[in-house]
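What follows is a single structure, written as structure tokens, with notes after it.
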Amino acid sequence: PTCNCCLQGKNKKGAKHKLSTATPAEPTKFLEHIAIDNSGRQSVQSVDGYWYFMLFICKKTSLKWVRFLASPADSKKSFEKWLRGYCKQHRTFKVKFVRHDGGKADFGNKAFGKLLTKYDITREQTGGTSTNNAKVERHIGIITMDSNTNMIWCQGPRNWWSWSINYAVTTRNLLPTSTNPGHMSPYEYAFNRKPNYSMLVPFGCLAYAVVKNIDKNGKTNYRKSSRVCAMVGYELKPDGHPLAYHLYDCDLGTVIRRTDDLVTFNHDMPALKFIAERAVKRPVDIYSNAIVAKYFGLKNKRKL
């Protein structure tokens, strides 16, 4: 029978896996061997307009990358964009093998095969009932469960799942894992340097972002006042380490960028829960009109 991780990763029930007798060669270098697969269709469309996410993982270091798709047909374009961007920044490493399943809508077609031939990459295609691609299948299920846990804790809307998936992949890359020697994190095993754990904060936690004030001359000044926000992700460096925070402004409904010195976090309080409790105490507050009614389904806001 299929494990729970595979069921959540592909949204399939009743599938039977067959063990493969062939043992694939173990990779010896970073980015040498990549396993890639798409998730199943999500129940709701994300806030960015996506329905699927594509996960690929380095088999040597377990470092993961995620890309979001509107349909499985966008897999080729998204993977080529990653090859041009990420691999160009790390010219000392080269992708030599790509393992995927035989789905005709995403990776099993001729267009994807021509793309791999263009970049001199060997194609390792597995059958739909094989466990040869189980590494990325298992991680899709793990990332999905991490995302669901984050969404339950922060009480966020369901269309935030893309932000939660991206957050889960970033934190998994930075945290230690038993699959690597010495329980090193995938980031440390790949780049031989330890990550900065001080930047890790819970998804959806309460954040106070410093307000930017731009004068007539175009110069930016920072006032002492702040805005109530929810932490929804990171801005990453080329190697995948967090550089700044992406915060959801609960008043304006936009995503803003703040560095570590321009934001203060309350790690124990979900932002939307704080707004709901504040709206009950102050019914005339703007948050009760804009946020609470939208995300908590309150019809009569004036009677809070």
Quick check: does any side chain N or O of T177 sit under 3.5 Å from a backbone N or O of N180, one acting as donor and the other as acceptor?
-> no
Does N173 use its side chain to pair, donor to acceptor, with the backbone of V169 at less than 3.5 Å?
-> yes
Nearest heavy-atom contact between R172 and I143 is CG-CD1, 3.8 Å
Using atom types as modelled and distance alone, determine if a side-chain donor or acceptor of Q42 lies under 3.5 Å from a backbone N or O of G40.
-> yes
When hydrophobic residues are tied together by side-chain contacts of less than 4.5 Å, even through go-betweens, does F203 share a cluster with L175?
-> yes
Kindly work out whether a path of hydrophobic side-chain contacts (I/L/V/M/F/W/Y, heavy atoms less than 4.5 Å apart) joins V232 to L252.
-> no
Smallest heavy-atom separation, C58 atom then I34 atom, equals CA-CD1, 3.9 Å
Heavy-atom check, side chain of L63 versus side chain of F30, under 4.5 Å | yes
Side-chain donor/acceptor of S164 to backbone N/O of W160, under 3.5 Å | no
Do the side chains of F97 and I36 join up, straight or via other hydrophobic residues, at under 4.5 Å, putting them in one cluster?
-> no
Judged by atom type as modelled, is there a donor-acceptor pair below 3.5 Å linking the side chain of K96 to the main-chain atoms of K94?
-> no
Is the closest side-chain donor-acceptor distance between S46 and D48 under 3.5 Å?
-> no
When the ring planes of F68 and W161 are compared, do they come out parallel, tilted or perpendicular, using 30° and 60° as the limits?
-> perpendicular
For residues F107 and F79, establish whether the separation of their ring centroids is below 6.0 Å.
-> no
Among R258, R257, R227, find the residue that satisfies the salt bridge (charged side-chain N to carboxylate O under 4.0 Å, His left out) test when tested with D249.
-> R227
If you take all heavy atoms of S62 and T179, which pair is closest and at what distance?
-> OG-OG1, 3.6 Å
Hey, does the side chain of S39 reach the backbone of F53 with a donor-acceptor pair shorter than 3.5 angstrom?
-> yes
Looking at the rings of Y245 and Y234, which for Trp means the six-membered one, are their centres under 6.0 Å apart?
-> yes
Nearest heavy-atom neighbours spanning L55 and V136 | O-CG2, 3.4 Å
If you measure from CG on L69 to CG on N38, what distance do you get to the nearest 0.5 Å?
-> 5.5 Å
Without hydrogens or angle criteria, can the side chains of Y187 and D239 be said to hold a donor-acceptor pair below 3.5 Å?
-> yes
Would you please say whether a donor-acceptor pair under 3.5 Å links the side chains of R67 and Y50?
-> no
Interatomic distance, H183 atom NE2 to E188 atom CD [nearest 0.5 angstrom] | 12.5 Å
For the rings on H241 and F191, is their centre-to-centre separation under 6.0 Å?
-> no
